[in-house]
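Just so you know, these numbers come straight off a predicted model, no measurement behind them. Below, read A as the first sequence line, B as the second, and so on, with proteins coming before strands; counting in each chain starts at 1.
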Amino acid sequence: MSPTTNPNTEHAPSFGSYPRTSIAVISLALLLAFSFSSLRGDTWVGLLSFFEWMETTWFGYVGKTWGGAFALIQAAHLVSLGVLGGAVLFSDGRLLGLFSSLPIRDVVDGAHRVFVWALAVVVGTGVFMVCGVAVKVYYLPVFWYKMLTLAVGVLFALFIRKPLVDREISEVNPKIVKLVAVASIMIWFTVAATGRWIGFS
Amino acid sequence: MNQFIYDIAVWFDDTAWSTAIHESYYLYNWIESTHVLTLMLSLGILFLIDMRMLGWALPNVPATRLAERLNTPMLIGFVVMFVTGFLLLYAVPVRSSQSLWFRIKMVLLVVCAVNAYLFHKRMTQSIQTWEHEPRAPSALRRGAAISLAFWTVIVICGRFIAYDWYDCEYAQPDLVRAIAGCVDGQTRF
């Protein structure tokens, strides 16, 4: 991977690729260190009052008392998750060499915009859903796995994958492009799967 | 008709495989998870195509080429959804077949299938005229909007099936009993 951005590309990132990737790698390393330190347990205990407060908010009240509203928001969460997954599969599929008759730059950029909107709805509806059952999910390990994979997914998408695909893709090592595409699909599949598993816990 | 559907459901319910799936915590959840996660392949890609037609997304990607290329993965997604959906119905046949939401969902699936057929037909008839336009012609946009709206309602209905608000097991208004297909004197729920 060349450290210089192709001057011909119209999609040169405003924020250099290496700083963004470095931030993501440092954040992931800190996340990992946090997960294995005693700080994790202390933070978890400290968060209980926050989760109890979430249940007292308007979102929490509606989520708890109006099953229809909760189900509707769940459906919106599912639809937006579907759109997010569709954008990921389409864009990463193109990076993997599928749909090769479609222009790669337009596919990747267009799918990213859809991805960002879908992610915003997924997170917004997700917050509403958590408010309704905040203390319950607080005690569920799978909920924290989901939060962890979501954080990894967002960091990966915005700080590793995006800077890479902002370059002239044909100039990037194809193996790296494919590796990033496979990793992206796997991460978002894990986010969705852990989310689904919350419902079974 | 409702009696016939009920009898079929009871027959399913009496089979060993139905009981096995229903009583297996992991198998049932795996099937349900596959059904939900395949939304990303089927619905997600369908919505990308619909949004492209409406001019909401991917405006620079050639529209019909996009629809043609994404057709196969989308259909694979829908096949997986139908297979897993049937298995979920088979595992809990009586309650599912008498669910108000399930019945609305089935009707909307048929409407969406007809809409998809008409959409595809219109699209192939008019490819040359608008391939690189940011928005499709109005007839196709209408089809895309119907698809987006109805598939969203299908997901809502699918989600509502899990709730027992209108189950035949409880006292329900006559209209609900008629739509849900509750059978007088039924012993299986």
Side-chain angles (χ1 to χ4, degrees), chain A residues 10 66-94 96 98-118 122 125 129 185 188-201, chain B residues 25-26 28-30 32-52 55-74 76-77 81 101 132 134 148-149 151-166:
Chain A
E10 294 173 5
W66 191 11
F70 190 80
L72 271 175
I73 297 294
Q74 272 186 325
H77 191 71
L78 277 178
V79 169
S80 50
L81 178 74
V83 174
L84 183 148
V88 167
L89 289 172
F90 181 40
S91 182
D92 289 327
R94 183 65 190 86
L96 287 168
L98 302 172
F99 327 120
S100 55
S101 63
L102 299 174
I104 192 164
R105 173 54 55 201
D106 294 330
V107 168
V108 169
D109 288 350
H112 182 74
R113 276 190 279 277
V114 175
F115 167 84
V116 170
W117 277 104
V122 165
T125 50
M129 287 160 61
I185 291 171
W188 288 107
F189 177 80
T190 310
V191 173
T194 48
R196 185 67 207 101
W197 216 255
I198 291 173
F200 297 136
S201 302
Chain B
Y25 174 77
Y26 285 106
Y28 187 84
N29 286 351
W30 273 114
E32 197 177 37
S33 297
T34 306
H35 189 67
V36 173
L37 295 183
T38 315
L39 273 178
M40 301 204 287
L41 190 59
S42 54
L43 199 76
I45 288 180
L46 175 69
F47 274 25
L48 282 183
I49 297 171
D50 289 339
M51 289 193 292
R52 168 65 185 89
W56 296 351
L58 304 155
N60 300 322
V61 180
T64 54
R65 221 188 304 163
L66 170 82
E68 283 168 8
R69 295 296 176 274
L70 292 184
N71 215 21
T72 305
M74 182 181 71
I76 291 170
M81 291 215 80
W101 305 112
H132 295 282
L148 275 176
W151 273 105
T152 302
V153 178
I154 285 171
V155 174
I156 292 170
C157 289
R159 191 54 243 156
F160 279 7
I161 290 171
Y163 293 83
D164 63 356
W165 306 315
Y166 299 115

Closest approach of [X] to [Y] (non-hydrogen atoms, all atoms of both residues):
X	Y	answer
Ala192(A)	Leu37(B)	CB-CD2, 3.4 Å
Phe200(A)	Tyr25(B)	O-OH, 3.0 Å
Ser33(B)	Trp197(A)	OG-CZ3, 3.8 Å

Name the region of [X], side chain, backbone, both or neither, that has any atom closer than 4.5 Å to a heavy atom of chain A.
X	value
Met51(B)	side chain
Leu41(B)	both
Pro59(B)	neither
Trp56(B)	neither
Tyr28(B)	neither
Leu48(B)	side chain

Between [options], which shows the greatest number of heavy-atom pairs under 4.5 Å with chain B?
options	value
Gly67(A), Gly93(A), Pro103(A), Gly86(A)	Gly86(A)
Ala75(A), Ala87(A), Ala111(A)	Ala75(A)
Ala71(A), Gly110(A), Ala193(A), Gly199(A)	Ala71(A)

Are the side chains of [X] and [Y] in touch, meaning some heavy atoms are under 4.5 Å apart?
X	Y	result
Val114(A)	Phe47(B)	no
Met40(B)	Trp188(A)	no
Leu81(A)	Leu39(B)	no
Phe99(A)	Leu66(B)	no

Would the number of heavy atoms belonging to other residues, nucleotides or ligands and lying under 6.0 Å from CZ of Phe160(B) be above 12?
yes
Answer yes or no: does atom CH2 of Trp165(B) have more than 12 heavy-atom neighbours from other residues, nucleotides or ligands under 6.0 Å?
yes
Find the distance between CG (Leu70(B)) and CZ (Phe90(A)) and round it off to the nearest 0.5 Å.
5.0 Å
Separation between CE (Met74(B)) and CG (Leu89(A)), nearest 0.5 Å, reads 13.5 Å
The interface call for Arg196(A) against chain B, heavy-atom contacts under 4.5 Å, is side chain
Side chain Arg159(B), main chain Gln74(A), donor-acceptor under 3.5 Å:
no
